[in-house]
Amino acid sequence: MSMTQHAEPAVGTPPAPGRKESDGRTKQRPPVLRLLARPEVGVLLGAVAVYVFFLIAAPPVREGSAMANILYQSSTIGIMALPVALLMIGGEFDLSAGVAVITSALTASMLSYQLTMNVWVGVVVALLVSLGIGFLNGWMVVKTGLPSFLITLGTFLILQGVNLAVTKLVTTNVATDDISDMDGFAQAKKIFASSFEVGGVQVKITIVYWLVFAAIATWILLRTRYGNWIFAVGGNKESARAVGVPVTFTKISLFMLVGFGAWFVGMHQLFTFNTVQSGEGVGQELIYISAAVIGGCLLTGGAGSAIGPVFGAFMFGMVQQGIVYAGWNPDWFKAFLGVMLLGAVLINLWVQRTATRR
């Protein structure tokens, strides 16, 4: 008798062709719901609504020159809102972003004028100072483990005091001296604060920079390893570190990106007005953060886009200038911003819940 056992072939009924059973986990959602799940969709709807509202309420908005002015105001907010949004996606805040813009402009202006140097020397030194502030913020957040809210609040207060005290000490005034007659001013103005004509309308160069920076930021987030690192550290930095993501480098570099944005906007303000008021910038950090939040960036990090803050900044510029063109009391501007912020957050929440509902 053979000790070898032979397995009998399994006999079963072949699956009937046609419809397959599904437990619902692999069911693909409709395209509309997938579109609504995008973080920037809610703010796009809000931006369209605000635009249409002011088209009706403020007829001057329909003119090309008015729209160019609205886009200019939006660009000065949007250029800073982009790195702030990337930082928020990475799970951090920077409350010093507003006064850092003025610090950069003051550095370039006073260094150039007081030492009678070419303005480009001041521009380069201001860039180094801005990147240094960003590096210090990021390094302290990473090394101490303290919330970035507290670290950058301290930086905010320090910069605010230094801006006022040093400017008064150096210039005996609260504003810097006019640098428009210095060497290199004309060249720097062409780069940071020039304008060009489109269809008889003067368009500021910052609008172009704003859109270019938005395209670069979108490419970084969606097409690069660094973009994956940003989402990873914002979602869960310990899990990200466990899979090899350089958390320290990513966090510090994001703060330095905010420093770069502060430098760029600071140079624009300096070469637009030729002088800088040392007390400005306070409160602007909330505008930048609000534009990012309205654009779909979560306060908890790990989610967001670069396109959303573009629409968020446009809404701010639209409201700011739309109130003026409508002839309303500009004191209502902050109230409009508060309503717009709450409305956008609620819309984003509703859109995300609708998109993820089974």
Side-chain angles (χ1 to χ4, degrees), residues 72-73 75-77 79-81 83-84 93-138 140 150-194 204 206 255-289 334:
Y72 167 63
Q73 295 295 332
S75 68
T76 58
I77 297 172
I79 290 175
M80 270 301 291
V84 168
F93 289 92
D94 191 345
L95 295 179
S96 66
V99 292
V101 171
I102 304 304
T103 299
S104 179
L106 290 172
T107 301
S109 178
M110 288 189 291
L111 188 66
S112 300
Y113 187 88
Q114 303 302 326
L115 300 180
T116 63
M117 293 181 176
N118 187 293
V119 296
W120 283 106
V121 175
V123 169
V124 172
V125 173
L127 174 59
L128 297 177
V129 169
S130 296
L131 293 177
I133 293 172
F135 175 85
L136 181 61
N137 281 336
M140 291 185 67
L150 294 177
I151 296 294
T152 58
L153 177 60
T155 307
F156 162 79
L157 295 173
I158 293 171
L159 293 180
Q160 183 183 8
V162 169
N163 288 350
L164 288 167
V166 173
T167 303
K168 287 183 179 180
L169 179 65
V170 173
T171 68
T172 67
N173 200 344
V174 295
T176 60
D177 298 287
D178 191 322
I179 64 169
S180 58
D181 59 346
M182 294 191 64
D183 292 339
F185 180 87
Q187 296 86 346
K189 186 177 180 66
K190 287 181 180 179
I191 293 176
F192 295 105
S194 63
K204 293 287 187 178
T206 51
F255 277 101
M256 293 180 70
L257 279 177
V258 175
F260 174 82
W263 168 77
F264 195 92
V265 176
M267 294 306 97
H268 167 70
Q269 292 189 9
L270 173 60
F271 293 108
T272 297
F273 304 108
N274 309 336
T275 183
V276 185
Q277 293 288 333
S278 59
E280 293 183 351
V282 178
Q284 283 298 111
E285 65 283 343
L286 299 180
I287 300 294
Y288 305 143
I289 293 173
K334 295 293 185 181

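One-based numbering along the sequence shown. The structure presented is a predicted model; accordingly, all values stated were derived computationally and were not measured.
- With rounding to the nearest 0.5 angstrom, the CG atom of Asp177 is 12.0 Å from the CG atom of Asn274.
- Without hydrogens or angle criteria, Thr172 side chain to Lys168 main chain gives no donor-acceptor distance under 3.5 Å.
- Using a 4.5 Å cut-off on side-chain heavy atoms (C-beta onward), Thr167 and Met110 make contact.
- Remark: Leu164 CG to Leu169 CG distance equals 12.5 Å, nearest 0.5 Å.
- Aromatic rings of Phe185 and Trp120 (six-membered ring for Trp) have centroids beyond the 6.0 Å cut-off, not under it.
- Enclosure of atom OH in Tyr113 is not indicated, since only 12 or fewer non-hydrogen atoms of other residues, nucleotides or ligands lie within 6.0 angstrom.
- Between the CD1 atom of Ile151 and the CG atom of Asp94 there is a distance of 11.0 Å, given to the nearest 0.5 Å.
- The two residues Met256 and Phe135 make their nearest non-hydrogen contact at CG-N, 3.6 Å.
- With a 4.5 Å cut-off on side-chain heavy atoms, Asp183 and Val119 do not count as touching.
- In this structure, the side chain of Ser104 does not engage the main chain of Gly266 through any donor-acceptor pair within 3.5 Å.
- Defined by atom type and a distance below 3.5 Å, a donor-acceptor pair is missing between the side-chain atoms of Thr171 and Thr176.
- A donor-acceptor distance shorter than 3.5 angstrom exists from the side chain of Thr76 to the backbone of Gln73, with no hydrogens or angles considered.
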**Prompt:** So Tyr288 and Ile79, side-chain contact (heavy atoms from CB on, under 4.5 Å) or not? Walk me through it.
**Reply:** CA-CA 9 Å; Tyr288 305 143; Ile79 290 175; over 6 Å; no
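- Using a 3.5 Å distance cut-off with no hydrogens or angles, the side chains of Asn163 and Glu280 do not pair a donor with an acceptor.
- Atoms CH2 and CG, from Trp263 and Leu127 in turn, are 5.0 Å apart once rounded to the nearest 0.5 Å.
- Between Ser75 and Thr206, the closest heavy-atom pair is OG-OG1, 3.0 Å.
- Between Tyr72 and His268, the gap from one ring centroid to the other is short of 6.0 Å.
- In this structure, a donor-acceptor pair under 3.5 Å is absent between the side chains of Asn137 and Thr152.
- The backbone N or O of Ala105 lies less than 3.5 Å from no partner atom in the side chain of Ser109, so there is not a single donor-acceptor pair.
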